[in-house]
Student: 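Attaching a single structure in structure tokens format; questions to follow.
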Amino acid sequence: MIPKRVTVAILGASGYGGGELARLLSGHPGTEIAFLGARGSIGGTLATAHPHLAGLPEAGLVLEPIDAEAVAEHARVVFSALPHGAAAELAPGMLQRGAAVIDLSGDFRLPAAAYPEWYGFEHPAPEWLDKAAYGVPELFGDQIAGAALVANPGCYATAAILGLAPLIGSGMVESSAIRVDGKTGLSGAGKGATESTTFNASEDSIRPYRVPRHQHTPEIERGLELATGTPASVLFVPHLVPAVRGVVTTTYAKLDAGITTEDLTGRLQEAYAGRPFVRVLPPGAMVDSKRVRGSNVVELQAVADPRTGTAVVVAAVDNLVKGAAGQAIQNMNLVHGFDESAALPTAGLYP
Ligand SMILES: NC(=O)c1ccc[n+]([C@@H]2O[C@H](COP(=O)([O-])OP(=O)(O)OC[C@H]3O[C@@H](n4cnc5c(N)ncnc54)[C@H](OP(=O)(O)O)[C@@H]3O)[C@@H](O)[C@H]2O)c1
């Protein structure tokens, strides 16, 4: 039986991911926001942290200190939108008290051995890593339904994996030497300002960062292997671009002989037929991050270049919606048996 109102907590409610969770969950027919957790913003309200949410019924909810026991007392589902490392400490206490946890950070996306190298810490709760469902609903929906712990994927990883998995799975492209070029708007860095995210540093600037050590590299490899059963090798080069929202990944992979753009496109269309949040563009059409802004949609485009034997797959998501809060809600909808699309927009904001 589907419960009438599922109580939810948002940890990191004062941040960008937390604000998007509150904005979208406020319109969810089956949930009630019962707890908002933060750190420096404790004592303020949702509306003081996010003045653009002042019109919501939940605007006056007060941001509370985060304590696993108190959170689990208030909520059956916890959305954790905290910096890397925080959920790994907090989640076990909430899970043991019976709350489901959907974590937007990278804390439950990789095997324990990868954390020192890619995140810079020893994982404090490795026994939970195998129990976490990897939350790409279009690929792992069966494992997400009923899961206690969901590792919500990274924004770049969501885009790259959705674009490539069906093509590797069908043998149309090879998984051994994948190149992913990523671009992100500045909201991907969260609300904490640093010199490199100021207007002065970012306006008119396009620059790579963390090459070749970005933490989504092993996540893309692992996600592709989970989806296809084939090990993948990925070189990932992310860039910051002077936009607010939007992630675009352009992926290059070796194309099987004789495969055409129509074959690649047809495979993606078949893999995602009937999926509300995947839009596969017809041959010749080009992805645009602006079209998915504010929506939970990923746009995909695939091109075969027989001259170089390369498949090019381009994917765009709104980093804060399909790349974070929207996908987390899509996962909760599956965990709790709600309509997968509940509270999630398919139309973008344009222009
Ligand atoms: N931004 C994106 O596009 C995006 C996409 C996918 C995934 N993510 C992931 O989602 C998580 C949140 O990202 P964000 O962009 O929303 O970050 P953010 O805007 O910087 O917000 C971080 C939130 O966490 C709270 N916080 C910070 N340190 C804390 C601590 N030690 N203990 C408890 N609370 C703490 C902050 O509270 P106060 O402000 O009250 O101090 C704030 O509410 C990160 O793990 C990020 O990697 C982000």
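All ligand and atom numbering here is 1-based and tracks the order in the structure. Owing to the predicted nature of the structure, the values given are computational and were not obtained by experimental measurement.
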Student: Determine whether more than 12 heavy atoms belonging to other residues, nucleotides or ligands lie under 6.0 Å from atom CD of Glu122.
Tutor: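 Incorrect, the count does not exceed 12.
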Student: Among all protein heavy atoms, pick the one closest to atom 17 (O) of ligand 1 and tell me residue, atom and distance.
Tutor: Gly190 CA, 3.9 Å
Student: Identify, for atom 9 (C) of ligand 1, the protein heavy atom at the shortest distance, and state residue, atom and that distance.
Tutor: Leu104 O, 3.3 Å
Student: What atoms of ligand 1 come within less than 4.0 Å of a heavy atom belonging to Ser41?
Tutor: 38 (P), 39 (O), 40 (O)
Student: Any ring pair (Phe, Tyr, Trp, His ring centres under 6.0 Å) involving residues 58-82? Give me the pairs, sequence neighbours left out, ordered by first then second residue.
Tutor: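 Non-adjacent pairs meeting ring pair (Phe, Tyr, Trp, His ring centres under 6.0 Å): Phe35-His74.
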Student: Where's the contact between Ser105 and ligand 1, heavy-atom distance under 4.0 Å: side chain, backbone, both or neither?
Tutor: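 It is both parts that get close, each with some atom under 4.0 Å.
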Student: Under the ring pair (Phe, Tyr, Trp, His ring centres under 6.0 Å) rule, collect the residues that match up with Tyr350, sequence neighbours excluded.
Tutor: none
Student: Look at atom 18 (P) of ligand 1 and say which protein heavy atom is nearest, naming residue and atom and giving the distance to 0.1 Å.
Tutor: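 Result for atom 18 (P) of ligand 1: Lys191 N, 3.7 Å.
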Student: Against heavy atoms of His84, which atoms of ligand 1 measure under 4.0 Å?
Tutor: 45 (O), 47 (O)
Student: Would you check, one step at a time, whether the test salt bridge (charged side-chain N to carboxylate O under 4.0 Å, His left out) holds for Arg293 with Asp318?
Tutor: CA-CA 5 Å; Arg293 207 163 160 266; Asp318 182 324; over 6 Å; no
Student: Has ligand 1 got any nitrogen or oxygen that is less than 3.5 angstrom from a nitrogen or oxygen of Ile66?
Tutor: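 No.
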Student: My question is simple, although I want it checked carefully: is atom 13 (O) of ligand 1 less than 4.0 angstrom from any protein heavy atom?
Tutor: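 Answer no: nothing from the protein, no heavy atom, is under 4.0 Å.
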Student: Checking the N or O distance criterion of under 3.5 Å, is ligand 1 in contact with Gly154?
Tutor: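 No, no N or O pair falls under 3.5 Å.
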Student: Are any of the N or O atoms of Gly17 closer than 3.5 Å to those of ligand 1?
Tutor: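 Yes.
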Student: Take the angle between the ring planes of Tyr156 and Tyr209 and call it parallel below 30°, perpendicular above 60°, tilted in between.
Tutor: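 Tilted: the ring planes of Tyr156 and Tyr209 meet at 30° to 60°.
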Student: Taking only heavy atoms of Gly12, which atoms of ligand 1 are found under 4.0 Å from at least one of them?
Tutor: 23 (C), 24 (O), 43 (O)
Student: Provide the number and element of each atom of ligand 1 under 4.0 Å from a heavy atom of Leu320.
Tutor: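 Answer for ligand 1: 1 (N), 2 (C), 3 (O).
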Student: Inspect the surroundings of CD in Glu69 and state if more than 12 heavy atoms from other residues, nucleotides or ligands are less than 6.0 Å away.
Tutor: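 Counting neighbours around CD of Glu69, 12 or fewer heavy atoms of other residues, nucleotides or ligands fall under 6.0 Å, so no.
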Student: Can Val173 be reached from Val303 by stepping across I, L, V, M, F, W or Y side chains whose heavy atoms are under 4.5 Å apart?
Tutor: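 Different clusters: Val303 never reaches Val173 through Ile, Leu, Val, Met, Phe, Trp or Tyr contacts under 4.5 Å.
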Student: Determine whether Thr158 and Gln327 make a side-chain contact, defined as any pair of heavy atoms from C-beta on separated by less than 4.5 Å.
Tutor: yes
Student: Report yes if Gly15 has an N/O atom closer than 3.5 Å to an N/O atom of ligand 1; otherwise report no.
Tutor: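 Yes, since at least one N or O of Gly15 sits under 3.5 Å from an N or O of ligand 1.
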Student: Strictly under 4.0 Å, does any heavy atom of Ser187 approach an atom of ligand 1?
Tutor: yes
Student: Could you list which atoms of ligand 1 come closer than 4.0 Å to a heavy atom of Gly323?
Tutor: 5 (C), 6 (C)
Student: Distance to 0.1 Å, residue and atom name: give those for the protein heavy atom nearest to atom 44 (C) of ligand 1.
Tutor: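 Scanning the protein heavy atoms, the shortest distance from atom 44 (C) of ligand 1 goes to Leu82 O, 3.3 Å.
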Student: Does the salt bridge (charged side-chain N to carboxylate O under 4.0 Å, His left out) test come out yes or no for Arg267 and Glu262, once each step is laid out?
Tutor: CA-CA 8 Å; Arg267 176 67 200 112; Glu262 286 69 22; over 6 Å; no
Student: Might you check, step by step, whether the distance between atom 35 (C) of ligand 1 and some protein heavy atom is under 4.0 Å?
Tutor: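 There is a protein heavy atom less than 4.0 Å from atom 35 (C) of ligand 1.
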Student: Taking N or O atoms only and a 3.5 Å limit, does Ala189 qualify as a polar contact for ligand 1?
Tutor: no
Student: Identify, by atom number and element, the atoms of ligand 1 in contact range of Ala38, meaning under 4.0 Å from any of its heavy atoms.
Tutor: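 Once the distances to Ala38 are compared, the set is 40 (O).
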Student: With a 4.5 Å cut-off on side-chain heavy atoms, are Val278 and Val297 touching?
Tutor: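 They are not in contact (no side-chain heavy atoms under 4.5 Å apart), so the answer is no.
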Student: Given Glu299, which of Arg279, Lys290, Lys322 fulfils the salt bridge (Lys or Arg N to Asp or Glu O under 4.0 Å) condition?
Tutor: Arg279
Student: If I compare all heavy atoms of Ser80 with all of Asp103, which pair ends up nearest, and what's the gap?
Tutor: O-OD1, 3.4 Å
Student: Just jot down the ligand 1 atoms closer than 4.0 angstrom to any heavy atom of Ala324, in number order.
Tutor: 5 (C), 6 (C)
Student: Among Ser14, Gly43, Pro153, Gly188, whose heavy atom sits nearest atom 39 (O) of ligand 1?
Tutor: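 Looking at heavy atoms only, Ser14 sits closest to atom 39 (O) of ligand 1.
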Student: Looking at side-chain heavy atoms only, is the closest gap between Glu64 and Ile42 below 4.5 Å?
Tutor: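 No, too far: nothing below the 4.5 Å cut-off.
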Student: So which heavy atom in the protein is nearest atom 3 (O) of ligand 1, and how far is it from that ligand atom?
Tutor: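 Of the protein heavy atoms, Asn319 ND2, 2.8 Å lies nearest.
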Student: Who's the nearest protein heavy-atom neighbour of atom 22 (C) of ligand 1, and how far?
Tutor: Ala81 O, 4.1 Å
Student: So which heavy atom in the protein is nearest atom 41 (O) of ligand 1, and how far is it from that ligand atom?
Tutor: Gly40 N, 2.8 Å
Student: For atom 32 (N) of ligand 1, what is the nearest protein heavy atom, given as residue, atom name and distance?
Tutor: Arg39 CD, 4.1 Å
Student: What is the ring orientation for His52 with His50, classed by angle as parallel under 30°, tilted 30 to 60°, or perpendicular over 60°?
Tutor: perpendicular
Student: If you measure from CG on Leu320 to CG on Asn296, what distance do you get to the nearest 0.5 Å?
Tutor: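 If we round to the nearest 0.5 Å, Leu320:CG and Asn296:CG are 12.0 Å apart.
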Student: Yes or no, since that's all I need: does a protein heavy atom fall within a distance strictly under 4.0 Å of atom 48 (C) of ligand 1?
Tutor: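 Within 4.0 Å of atom 48 (C) of ligand 1, no protein heavy atoms are found.
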